[in-house]
Amino acid sequence: MKSITIFIFVCYILTNCNDRTSKISIANGVNTGNLTKIPIQEATQDTLVKISKPFTLNGIECYWKHQNIANTDIIIQLLSNKTNKILLEHLEDIFQPTNYNADDFFTEVGNNGYTDVNFDGFTDILIRSYTNTIMSDVVYVYLFNPKAEEYTVSDELSDNRIDIVDKQNRRLITGNEYRFGTDSIIHSFDKKGQIKYKEVYSNYRMQNDTTWFTCKDYQKLINGKLVIERRTCDTIKWE
């Protein structure tokens, strides 16, 4: 009789343990009989979307859409207000400007970013890439293509800065900054908006062994081909 009582007690304990283990497993999202996974919700990045009011540019009603992703990436798009076709898209890891959250942000973009840089009669767009150093800043020049009704970036015209848009003489003057010097680049255009020639004026310092020099270079390029080159250098006399 004692042996039967002990056997029943042991069975009771084992049954309770199995039932408890099953309840604990289910509570933790694991079913040992039929394994299932609780879906894990992925963390989403904070994205700030700014949309401008519609405006007309080169005869097309359009609007800006800026997406600021976690304060690290900014996706810039210009879209047709009628069809939502993307007319311009600029993707880059850039720092947001200090006035990004200002109410008049798009007004300032318009005041500083719309001009005819190649003098073909159409308005082009300038987009500044904000970085942590002046030398790595870039003003991207997007030229308007009237046939495609789109804006295409010009690598040749994009530089650290845009200095002068000389409409009278059909010249765009841009500049570059680097550690020991600067470049001033003059792009001269024909009446169709094509570059006739480019002149590059460089002022910089250079070192040869222990001697430092200040140098001035001049280059003239036609269709990307160097046709004229001059250089003058003077020794720097340290006092």
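- Ile164 is not connected to Ile195 by any chain of hydrophobic side-chain contacts under 4.5 Å among Ile, Leu, Val, Met, Phe, Trp and Tyr, and they are in different clusters.
- With rounding to the nearest 0.5 Å, the separation of OG1 in Thr214 from CG in Asp234 is 5.0 Å.
- Closest of all the heavy-atom pairs between Lys192 and Asp120 is O-CB, 4.0 Å.
- Taken from CG in Asn58 to OG1 in Thr123, the straight-line distance is 4.5 Å, to the nearest 0.5 Å.
- Formation of a donor-acceptor pair under 3.5 Å by the Asn81 side chain with backbone atoms of Tyr63 is not found in this model.
- Distance check, rounded to the nearest 0.5 Å: OG1 of Thr152 to CG of Leu87 gives 11.0 Å.
- His66 and Trp64 have perpendicular rings, their planes meeting at more than 60° on a 0 to 90° scale where under 30° would count as parallel.
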Yes or no on side chain to side chain contact (heavy atoms under 4.5 Å, CB included) for Lys50 and Asn68, after CA distance, side-chain angles and deciding distance? CA-CA 8 Å; Lys50 296 176 68 71; Asn68 182 345; over 6 Å; no

Checking side chain to side chain contact (heavy atoms under 4.5 Å, CB included) for the pair Val165/Leu172: CA distance, chi angles, key distance, verdict? CA-CA 5 Å; Val165 180; Leu172 172 68; 3.8 Å; yes

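- Minimum heavy-atom separation, Glu199 to Tyr218: OE2-OH, 2.7 Å.
- The line from OG1 of Thr174 to CG of Asp163 is 7.0 Å long, rounded to the nearest 0.5 Å.
- Interatomic distance, Asn176 CG to Asn160 CG, rounded to the nearest 0.5 Å: 4.5 Å.
- Annotation for Tyr142 and His90: closest pair OH-ND1, 2.7 Å, computed over non-hydrogen atoms.
- Between Tyr201 and Ile186, the closest side-chain pair of non-hydrogen atoms falls below 4.5 Å.
- Remark: Asp124 pairs with no residue by the side-chain hydrogen bond (donor to acceptor under 3.5 Å, both in side chains) rule, at least two apart or across chains.
- Shown here are the side-chain contact (heavy atoms from CB on, under 4.5 Å) partners of Thr211, two or more places apart in sequence or in another chain: Phe213, Thr235.
- Nearest heavy atom pair, residue Leu157 against residue Ile162, reads O-CD1, 4.2 Å.
- In the hydrophobic cluster analysis, where Ile, Leu, Val, Met, Phe, Trp and Tyr join through side-chain heavy atoms closer than 4.5 angstrom, Leu88 is grouped together with Val153.
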Anything under 3.5 Å between a donor and an acceptor, one on a side chain of residues 221-231, the other on a protein residue two or more places apart or in another chain? List them.
from, atom 1, to, atom 2, distance (Å)
Glu229, OE2, Gln219, NE2, 3.2
Arg231, NE, Tyr204, OH, 3.1
Arg231, NE, Asp217, OD1, 2.9
Arg231, NE, Asp217, OD2, 3.3
Arg231, NH2, Tyr204, OH, 3.3
Arg231, NH2, Asp217, OD2, 3.1

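- Within the model, atoms CD1 of Ile60 and CZ of Phe55 stand 10.5 Å from one another, a figure rounded to the nearest 0.5 Å.
- Tyr197 and Asp190 share no donor-acceptor pair across their side chains, judged by distance under 3.5 Å alone.
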Would you sort out whether Cys215 and Phe180 count as a side chain to side chain contact (heavy atoms under 4.5 Å, CB included), showing the intermediate values? CA-CA 10 Å; Cys215 297; Phe180 293 118; over 6 Å; no

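- Cluster membership for Phe119 and Val139, using ILVMFWY side-chain heavy atoms within less than 4.5 angstrom, is shared.
- Residue pairs satisfying the salt bridge (charged side-chain N to carboxylate O under 4.0 Å, His left out) criterion with at least one member in residues 166-186, sequence neighbours excluded, are listed as follows: Arg161-Glu177, Asp166-Arg171.
- Residues passing the ring-ring contact (aromatic ring centres under 6.0 Å, His included) test with Phe144 are Phe122, Tyr151, sequence neighbours excluded.
- Between Ser154 and Leu143, the shortest heavy-atom contact is CB-CD1, 4.0 Å.
- The two residues Cys62 and Leu57 make their nearest non-hydrogen contact at SG-CB, 4.0 Å.
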Would Leu126 and Val141 count as a side chain to side chain contact (heavy atoms under 4.5 Å, CB included) here? Give the steps. CA-CA 5 Å; Leu126 310 178; Val141 176; 3.7 Å; yes

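- The salt bridge (charged side-chain N to carboxylate O under 4.0 Å, His left out) pairs that include a residue from residues 145-156 are Lys85-Glu150, Glu156-Lys198, where partners are two or more places apart or lie in different chains.
- Annotation: Lys65, atom NZ; neighbour count of heavy atoms from other residues, nucleotides and ligands within 6.0 Å does not exceed 12.
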